[in-house]
Structures are given as structure tokens and as C-alpha cells.
2 protein chains.
Amino acid sequence: MTIRQLEYFCAVVEEGSVSAASRRLHVAQPPVSRQIALLEQELGVSLFRRGSKGMLLTEAGESLYQQGRDYISDMERLAERVRALGTGVRGTVRLGVLYSTVPYALPYLRAFRAAYPQVELYIRVGAPQDLLADLNRGDLNALFLRAGAKETIGLHERILGSDAIKLIMTRDTDPAPELDTIPIERLRSVPMCLLRSDDLWGYNQALLKDCQRSGFMPSVVCQCYDTPMAMQLVQSGFGVSFLPERIVETLPHSGIYAKSVQGVAENSYAVLAWNENGYRSASVELFTAFRP
Amino acid sequence: MTIRQLEYFCAVVEEGSVSAASRRLHVAQPPVSRQIALLEQELGVSLFRRGSKGMLLTEAGESLYQQGRDYISDMERLAERVRALGTGVRGTVRLGVLYSTVPYALPYLRAFRAAYPQVELYIRVGAPQDLLADLNRGDLNALFLRAGAKETIGLHERILGSDAIKLIMTRDTDPAPELDTIPIERLRSVPMCLLRSDDLWGYNQALLKDCQRSGFMPSVVCQCYDTPMAMQLVQSGFGVSFLPERIVETLPHSGIYAKSVQGVAENSYAVLAWNENGYRSASVELFTAFRP
DNA sequence: ATCACCTATACTTTAATTATATAGAGAATA
DNA sequence: TATTCTCTATATAATTAAAGTATAGGTGAT
């Protein structure tokens with residue numbers, strides 16, 4: 001039994017005659033007769049009662065028609081689903097997001113979702129080392145990261161935006177409430193909660209060096225390993241932190257804000273990173289090539 | 001997309017390589033490569049990641065395989081169902097049963113059901129004229145009847161058994177409780193409930209003629225048009241009736257029994273009747289050809 | 001009885017599929 | 001590094017399946 005035989009058969013049923021079906025199918029009449037005969041032979045069943053007034057279904061033919069119609073359209077739907085996966089409009093993309101890139105990741109994801117609502121997005125927030133390991137293992141397809149990680153050699157990166165690194169504080173811990181920019185000497189006695197990320201980025205070192213140049217070492221009351229914790233500490237009044245400025249957007253209306261430190265102009269790039277070696281599904285291709 | 005392409009594709013997936021699949025399919029390797037390529041071309045999708053270590057599925061290929069396996073076995077199941085209808089082991093047979101043939105119909109139906117449990121039996125009990133009309137209209141496929149109806153010309157009949165026509169009575173209405181066979185004179189003053197079936201069978205007439213020969217006419221207190229009603233009347237003590245003897249089996253343990261009338265040897269045949277002209281489904285063929 | 005219409009078969013032509021032979025790519029081994 | 005092995009892809013020939021053409025046979029209508 002072939003799909004073509006089923007299609008011919010259904011056409012004959014719907015038109016009520018082989019001749020009419022052959023016209024609809026744009027083929028001659030004998031091939032239709034022949035395929036029907038082959039089908040009957042294979043099934044060992046008469047599908048039609050032949051009469052001069054056309055072809056009437058037998059019981060077996062009735063059953064074949066009812067099931068066959070669905071069967072044919074099932075194939076078309078099946079093909080359509082596979083096609084959709086091929087063009088990437090359907091599928092799954094597995095993403096890792098570094099907390100500090102959330103302000104860049106979210107608009108990107110929103111725009112992508114609007115463009116390709118059929119693509120499922122799996123999103124994991126974590127530390128850069130873990131995310132990179134999962135990317136290389138193939139568990140993740142792309143990462144929202146900060147530029148400059150050692151392990152990102154061999155990865156493709158696309159810059160999504162840049163942040164000035166600024167001092168993050170609350171009104172209570174602001175070392176210079178009366179000024180928009182904080183002179184570096186004001187940091188002398190300010191407790192600091194710095195992000196320690198195995199030196200993924202050097203801007204904490206740069207800040208400390210600047211302080212040293214000014215003749216003091218700030219008191220680092222806490223070194224934490226993830227941005228959300230640093231933010232929590234800042235919000236709770238433990239001290240100030242030194243982070244990409246847009247991070248404050250992840251906790252809006254929470255009394256946290258950012259100010260530049262005079263003479264310190266460190267900068268950080270938020271990037272989308274992925275591995276172009278190895279197999280990449282159509283939806284992943286689509287995701288990394290996407291421009292919001 | 002053809003079934004063959006799907007089968008080749010699934011074989012490649014299961015064997016992990018085109019070469020191995022071609023061996024399993026008993027064809028050369030190039031045709032398999034080619035059909036896969038055609039499938040990919042039609043779907044506009046890469047289904048495999050080609051590597052020297054074999055063929056690995058892409059996301060689209062994964063989806064096609066999961067759905068394709070089911071799709072292929074669906075076709076096999078579909079064909080099997082149609083085949084079953086063709087051989088008659090599945091399907092529907094619509095039957096008409098004359099009440100007085102119930103003792104013959106029931107064992108037949110029980111045996112057929114045991115042999116072909118997949119065949120649905122639709123059973124209607126009714127008057128012979130109605131049943132014959134429905135048979136000719138095609139609403140019924142076969143009838144359990146009494147032989148000798150005028151309208152059965154052109155029908156095939158098969159005799160299922162014969163009944164002596166006997167007097168049906170209860171202990172209270174028995175005209176000769178002391179005898180096993182009733183002398184015809186005893187019917188002189190006995191009220192009778194006779195079945196009037198538009199003279200479908202002549203045995204009532206035969207009985208009345210015999211009475212007339214004996215010099216009397218029995219009192220026919222009721223002429224009813226269906227056997228169950230006649231039976232009800234007999235059971236209620238309205239009178240006796242004159243029916244095929246095995247009819248008493250349809251109301252066992254009800255106090256009804258049959259006795260011969262001396263000198264009256266009418267006989268009736270229970271038959272299975274059907275029309276061999278026109279379309280007859282495989283299960284109907286099976287039913288009429290069946291021997292318990 | 002002839003005509004019109006429909007299906008089935010015989011035969012030819014065309015298209016699709018398969019088989020054979022072979023090239024090219026990547027991993028394994030010496 | 002060169003060699004060998006294995007696997008896939010392509011070119012071309014052979015085969016097989018499908019479609020087209022012509023026509024016979026059957027049934028109902030004019």
C-alpha cells in the first residue's frame with residue numbers, strides 16, 4: 001500500500017467514479033483503475049461495488065476511506081512539523097544567563113519570543129564557569145555573558161551592550177549623598193561587598209589599585225560569588241558594591257542606585273556567546289543570528 | 001514524502017548508518033542515500049549530521065523518527081483492519097428474526113458469535129412482511145423465517161429445522177389432560193387464539209378444514225398478528241393456539257406446553273433466508289455460509 | 001437498437017528506482 | 001606521515017514501476 005494508492009482511492013470515493021477522479025488528479029483513467037486494482041489485490045478485499053452508475057463503496061472500502069483520509073492528512077501535518085523544525089520556527093533553545101546580563105538578556109528574549117513564538121526557551125541562571133561547562137558539554141546552546149572570560153576562547157561572541165562599572169549603593173550607604181560622582185577618597189572608610197569571580201573580570205582589581213594609589217585600602221567586608229548575593233548585601237546595608245551600572249535595573253524601585261567613582265572608568269561588555277563548532281539546530285542558528 | 005522514504009529513514013536511524021540499513025533492507029547502499037537525500041530535499045531540512053562515525057540525528061530528524069515510526073505501523077494496522085473486514089472476521093450483519101424461529105435462531109447466533117466474535121450482530125424481531133421489506137431495501141442482510149412465504153421468491157433459503165404444528169395450551173385449557181394426543185372432536189368447544197399472518201402459512205386453514213370435516217367449527221376467540229401476543233393469550237388462559245411446537249421453548253417453565261392433534265400432521269420449516277443479488281459484505285457472506 | 005458513459009485490459013512510452021562502479025572524506029594503524 | 005579501512009555521495013547503466021494510448025466490454029438511456 002502506498003500513499004499514492006490511498007490518494008487515488010480517496011479521489012475515486014469522493015468523485016464517485018474513476019473517470020471523474022482521474023480528471024481531478026490530472027492523470028489518465030487507466031492508471032487510476034490500475035492502482036485501485038493493485039490496492040484491492042494487496043488487501044485481498046473488494047473496495048468498490050462496480051456499477052454502470054459509478055463506484056459504490058463496500059464495507060471494507062468504507063472503512064479504508066474513513067481511516068485513509070485522516071492518514072493522508074496526518075502525513076501532511078507530520079511533514080509540516082518537521083519542516084517547521086528545519087526552518088527553526090519550532091524547536092528548543094537552551095540558554096545560560098549570567099545574572100549581571102539580565103538587563104540585556106530580557107529584551108533580547110522578549111523580542112525573539114515575539115518573532116518566533118513556537119520556539120521553546122529553556123533558561124538557566126548561574127555562574128559563568130558552570131554555564132561555560134554546560135555549553136561545551138552541549139547542554140546549553142548559547143550564553144549571555146560578560147566579555148573577557150578566559151574560557152571563552154573558541155567561542156563566537158556578539159556584543160549586546162556596554163556598562164560602565166559603577167558603585168552600587170543605597171541612600172544609607174552613599175559615601176557622598178550630595179554629589180553625583182564620588183571622589184575616590186570617600187571610599188576610605190566605606191565597607192564594600194565585592195564580587196569574586198575567579199578573576200573573570202579585572203575591574204575589582206583596577207578599583208583596588210586606584211584606591212591604593214590614593215593611599216588607602218578600602219575595607220572589603222565580603223567577597224561573594226554571585227551577583228544576586230552582592231545585590232542583597234547592598235540592599236541590606238552591608239556596604240556598597242562595584243558592578244555594571246545597569247544591574248540596578250534588575251531590582252527597580254528598591255532604593256538601589258549607581259554612581260561613578262571619580263577617575264575610575266572601567267567598562268564591561270555584555271555578550272551573547274556560542275560555539276559554532278559541532279551540530280547546531282535550526283532554532284539555535286536562528287537564535288544566535290537574531291537581531292532584535 | 002513516500003512510505004518507502006520513511007522506512008529507509010527509520011532503518012538508517014535504527015542501524016546508525018546507511019550501509020547497515022541497506023543491508024537490513026536488502027538493497028544496495030546508494031538507493032538508501034538517495035532516498036534520504038530526496039526526503040531532506042522535499043522537507044527542506046537536514047535530518048542527519050553526517051560523520052565518519054555514522055549518521056546522527058538532527059533535531060528535525062529526531063522529530064521525524066519519533067513520528068515516522070508510529071506512522072508506518074499505523075499504516076500496517078490500517079491495512080490489517082481493512083483486510084479483516086474483507087475476510088469477514090470483522091463487520092456487521094443485520095438480521096431479522098421471526099418470533100417463532102427464535103428457538104432456531106438463538107443457537108445459530110450463539111455458534112456464529114463464538115466463531116467470529118468480532119462480527120457485530122444487529123437483531124430485529126418482527127413480522128415477516130416488515131422483515132422482508134427491510135431485506136429487499138437492504139436494511140437487513142438475512143432473515144430467520146418460516147418457509148413458504150409468497151414474498152420469498154427470489155431469495156435463497158436454508159432449512160434450519162422443522163416443527164410439527166401442535167396445539168399450545170396450559171394445564172387449565174388442556175382439552176384432554178388425560179391424553180398425550182388430542183382427538184380432534186375435543187376442540188369443539190375449546191376457545192382458540194390463532195395467528196393470522198395474511199395467510200403466510202396455511203396450517204391454520206388446514207386445521208379449520210379438518211374440524212369442519214369432523215362436523216364443527218371451533219370458536220376462534222382471537223386472531224392476533226404476532227406470535228408473542230398469541231403466546232401471552234395462551235398463557236393468560238384465553239384459549240389454546242396452534243403453533244410450531246418448539247415455540248414453547250421461548251417461554252420455558254411458564255406452564256405452557258404442546259400436544260399433537262390426532263389426524264393433523266401439519267409441518268413447518270424454519271429457514272434462514274437471504275438475497276444473493278446485489279452487494280453482500282464479506283461478513284454477510286460468512287454468516288449465510290456458516291454451519292453451526 | 002443505437003448511443004453515451006464508464007471501467008478494465010493490452011500494449012507502448014515515460015519516469016522513477018535500483019544496482020554497479022567509483023570518488024572523496026575522516027578515523028585508525030603502522 | 002602514509003596507508004588502510006569504513007562510510008557516504010555521485011555518475012551512469014539496468015531494471016522496474018507508473019503513466020499514457022487505444023480499445024474492448026458492459027449497463028442504462030434515448
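Scope of the values below: all heavy atoms of this structure, side chains included, with no hydrogens, waters or symmetry mates. Chain letters run A, B, ... following the sequence lines, proteins first and then strands; every chain starts at 1. Everything quoted here is computed from the prediction, not taken from an experiment.
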Exercise. Going by the angle between their ring planes, with limits at 30° and 60°, are A/Phe9 and A/Phe48 parallel, tilted or perpendicular?
Worked result: tilted
Exercise. Taking only N and O in the side chain of B/Arg50, is any of them less than 4.0 Å away from OP1 or OP2 of D/dA9?
Worked result: yes
Exercise. By salt bridge (Lys or Arg N to Asp or Glu O under 4.0 Å), which residues pair with B/Arg69, not counting sequence neighbours?
Worked result: B/Glu14
Exercise. Among pairs that include at least one residue of residues 283-292 of chain B, which meet salt bridge (Lys or Arg N to Asp or Glu O under 4.0 Å), considering only residues two or more places apart or in two chains?
Worked result: B/Arg280-B/Glu285
Exercise. What residues in residues 1-15 of chain A put a non-hydrogen atom under 4.0 Å from any atom of DNA chain D?
Worked result: A/Arg4, A/Tyr8
For this session: For B/Gln41 and D/dT10, give me the distance from atom CD to atom C1', rounded to whole Å.
Result: 14 Å
Exercise. Please, which pairs that meet side-chain hydrogen bond (donor to acceptor under 3.5 Å, both in side chains) have at least one residue in residues 3-12 of chain B, sequence neighbours excluded?
Worked result: B/Gln5-B/Gln35
For this session: Please report, rounded to the nearest Å, how far the C1' atom of D/dT8 is from the CG atom of B/Leu47.
Result: 15 Å
For this session: Rounded to the nearest angstrom, tell me the gap between atom CZ in B/Arg23 and atom C1' in D/dT8.
Result: 13 Å
For this session: I would like to know whether B/Arg81 and A/Ser63 meet side-chain hydrogen bond (donor to acceptor under 3.5 Å, both in side chains); could you show each step before the answer?
Result: CA-CA 8 Å; B/Arg81 276 196 289 268; A/Ser63 160; 5.8 Å; no
For this session: Look at the side-chain N and O atoms of B/Ser19 and state whether any lies under 4.0 Å from the OP1 or OP2 oxygen of D/dT8.
Result: yes
Problem set entry | d(CD, B/Glu40; C1', D/dT8) in whole Å | 12 Å
Problem set entry | Salt bridge A/Glu80-A/Arg83, side-chain N to carboxylate O under 4.0 Å | yes
Seminar exercise, completed: Note: contacts of residues 28-39 of chain A with DNA chain C (heavy atom, under 4.0 Å) are A/Gln29, A/Pro30, A/Ser33
For this session: Give the rounded distance in Å between these two atoms: CE of B/Met55 and C1' of D/dA9.
Result: 10 Å
Exercise. How long is the gap from CG on A/Leu38 to OG on A/Ser33, to the nearest 0.5 Å?
Worked result: 11.0 Å
Exercise. For A/Arg124, what residues pass the side chain to side chain donor-acceptor pair (under 3.5 Å) criterion, not counting sequence neighbours?
Worked result: A/Asp134
